[in-house]
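Note: hydrogens, waters and symmetry copies are ignored here, and every other heavy atom, side chains too, is used. Both counts, for ligands and for their atoms, begin at 1 and track the order of listing.
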Amino acid sequence: MRKKVIAGNWKMNKTPSETAAFITELSDKVKQTKDIVICAVPFVCIPAALKASKRTKIKIAAQNMHYEDKGAFTGEVSAKMLVDLGVQYVIIGHSERRQYYNETDATVNRKVLKAIKAGLKPIICVGESLEQRETGVTADFVRYQVGYALNGVSSEDMKNIVIAYEPIWAIGTGKTATNEQANEVCRTIRQALNEKYGRKVANATYIQYGGSVNVKNAAELFSMSDIDGGLVGGASLKSDDFCKIVNYKG
Ligand code: PEP
């Protein structure tokens, strides 16, 4: 049985001084969970988040990283820097980064390989646009994205990978994919992993759904056969809501 991985993506919200109080409050509310709880916080909030989450259930993720080790890349942060701080997870290829910062499947793959090499666990985001869904290419497109992102990733490395299926049309829009739509694409991803790595790896890999997950829909989405938790944006910013999502079993 796979655990659930429930990750909050704060995006560009909360200051370092708001971070400690939030994580402390949240950690108290989620201490009974057997699942994996992650907060993906802005770079500048990472030290405060790590300090407040010490000896709690909460793990800390970055929301991005660069694929080079170091050098003249003004404004960027390397995998090594994150590991040095004590970060365990990193979101790679979020659709907002693909849309606003020219992230491509090729840069996503480079970042994934670098993250693994550095000892970080990537949460790789994939997902189709509304137009792609309406033209019926969702399965092919998502398979392509997953295959590209995992190019050069070994079976052994797969134990450190989380894949987040996030249909772009459902992110921050209040439109959630139906349980069946979300599960179908997560199952397609698992099939693609099965073809590439075999059943054992496919069955062990965490595949999240993300896109307007909230207190009302989390339990149903997370009960689907191929959905192993969620990547949660807006609803992860209120500790009451996020803790209800983490404690979705009621
Ligand atoms: C996200 O940021 O990955 C996300 C899914 O956002 P929201 O839950 O707000 O749709």
Side-chain angles (χ1 to χ4, degrees), residues 4-14 19 22 26 30 35-43 45-46 49 58-65 87 89-101 103 105 108 111-112 115 121-130 132-133 138 141-142 145-146 149 161-179 181-186 189 206-222 224 226-248:
K4 304 291 179 203
V5 182
I6 301 166
N9 175 16
W10 290 9
K11 311 193 187 193
M12 197 173 72
N13 291 292
K14 299 196 189 296
T19 298
F22 184 91
L26 181 67
V30 301
D35 291 322
I36 299 168
V37 185
I38 303 169
C39 288
V41 308
F43 286 134
C45 299
I46 288 175
I58 300 170
K59 315 236 178 272
I60 302 304
Q63 299 173 11
N64 180 37
M65 52 164 267
V87 173
Y89 289 84
V90 59
I91 297 177
I92 295 181
H94 192 280
S95 63
E96 286 154 15
R97 296 220 50 97
R98 293 180 190 253
Q99 186 181 352
Y100 305 132
Y101 303 100
E103 205 141 296
D105 290 318
V108 167
K111 290 182 181 195
V112 168
K121 299 181 186 200
I123 301 173
I124 305 170
C125 300
V126 296
E128 82 287 2
S129 66
L130 187 57
Q132 286 168 322
R133 175 155 286 270
T138 297
F141 179 71
V142 170
Q145 277 190 317
V146 169
I161 298 274
V162 178
I163 296 177
Y165 165 55
E166 297 212 303
I168 297 168
W169 49 271
I171 298 178
T173 58
K175 276 191 207 164
T176 320
T178 64
N179 303 332
Q181 281 173 327
N183 197 50
E184 193 185 338
V185 182
C186 290
I189 294 171
Y206 294 121
I207 304 176
Q208 301 173 305
Y209 166 77
S212 299
V213 173
N214 59 38
V215 173
K216 291 204 180 104
N217 59 26
E220 283 201 354
L221 283 161
F222 297 173
M224 301 303 284
D226 284 282
I227 300 179
D228 308 320
L231 183 54
V232 184
S236 74
L237 295 172
K238 290 193 188 134
S239 74
D240 272 351
D241 284 3
F242 192 53
C243 99
K244 281 184 191 142
I245 293 172
V246 170
N247 298 321
Y248 65 98

Undergrad: When you measure from atom 5 (C) of ligand 1 to every protein heavy atom, which one gives the shortest distance, and what is it?
TA: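 Of the protein heavy atoms, Glu166 OE2, 3.1 Å lies nearest.
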
Undergrad: Check each heavy atom of Asn9 against ligand 1 and say whether those closer than 4.0 Å belong to the side chain, the backbone, both or neither.
TA: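 Answer for Asn9: side chain.
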
Undergrad: Please confirm whether Glu96 comes within less than 3.5 Å of ligand 1 when only nitrogen or oxygen atoms on both sides are compared.
TA: no

Undergrad: Would you check if the side chain of Ser212 reaches a backbone N or O of Ala170 as a donor-acceptor pair within less than 3.5 Å?
TA: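 The answer is yes, because a donor-acceptor pair under 3.5 Å joins these two groups.
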
Undergrad: For the backbone of Gly127 and the side chain of Gln145, can you confirm whether one donor and one acceptor N or O come within less than 3.5 Å of each other?
TA: yes

Undergrad: Which atoms of ligand 1 sit under 4.0 Å from any heavy atom of Gly211?
TA: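 It comes down to these atoms of ligand 1: 5 (C), 10 (O).
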
Undergrad: Among all protein non-hydrogen atoms, which one is nearest to atom 2 (O) of ligand 1, and what is the separation to 0.1 Å?
TA: Lys11 CE, 2.6 Å

Undergrad: Any side-chain heavy-atom pair from Val185 and Tyr209 closer than 4.5 angstrom?
TA: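 Result no, sub-4.5 Å side-chain heavy-atom pair not found.
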
Undergrad: Side chains of Leu231 and Val162, heavy atoms from C-beta outward: is any pair under 4.5 Å?
TA: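 Contact flag for Leu231/Val162 side chains = no.
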
Undergrad: Please determine whether any non-hydrogen atom of Cys125 lies less than 4.0 Å from an atom of ligand 1.
TA: no

Undergrad: Under a 3.5 Å cutoff, is there a donor and acceptor pairing between the side chains of Tyr248 and Glu220?
TA: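 There is no such pair between these side chains.
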
Undergrad: Using 0.5 Å steps for rounding, measure from the CD1 atom of Ile227 to the CG atom of Asn179.
TA: 6.5 Å

Undergrad: Which ligand 1 atoms, with their elements, are less than 4.0 angstrom from a heavy-atom of Ser212?
TA: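 Counting atoms of ligand 1 from 1, those under 4.0 Å from Ser212 are 7 (P), 8 (O), 10 (O).
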
Undergrad: Just wondering, do Phe222 and Ile6 contact through their side chains at under 4.5 Å, heavy atoms?
TA: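 Yes - at least one pair of side-chain heavy atoms lies under 4.5 Å apart.
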
Undergrad: Going by heavy-atom distance to atom 4 (C) of ligand 1, choose the closest among Pro167, Gly233, Ser95, Ala40.
TA: Gly233

Undergrad: Look only at the side chain of Glu128 and the backbone of Arg133, and say whether a donor-acceptor pair between them is shorter than 3.5 Å.
TA: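 Answer holds: no.
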
Undergrad: Tell me, which protein residue and heavy-atom name are nearest atom 1 (C) of ligand 1, and how many Å apart are they?
TA: His94 NE2, 3.3 Å

Undergrad: Any atoms of ligand 1 less than 4.0 Å from a non-hydrogen atom of Ala170? List them with their elements.
TA: 10 (O)

Undergrad: Name the option, out of Gly210, Gly234, Gly172, that contains the heavy atom nearest to atom 10 (O) of ligand 1.
TA: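 That would be Gly172.
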
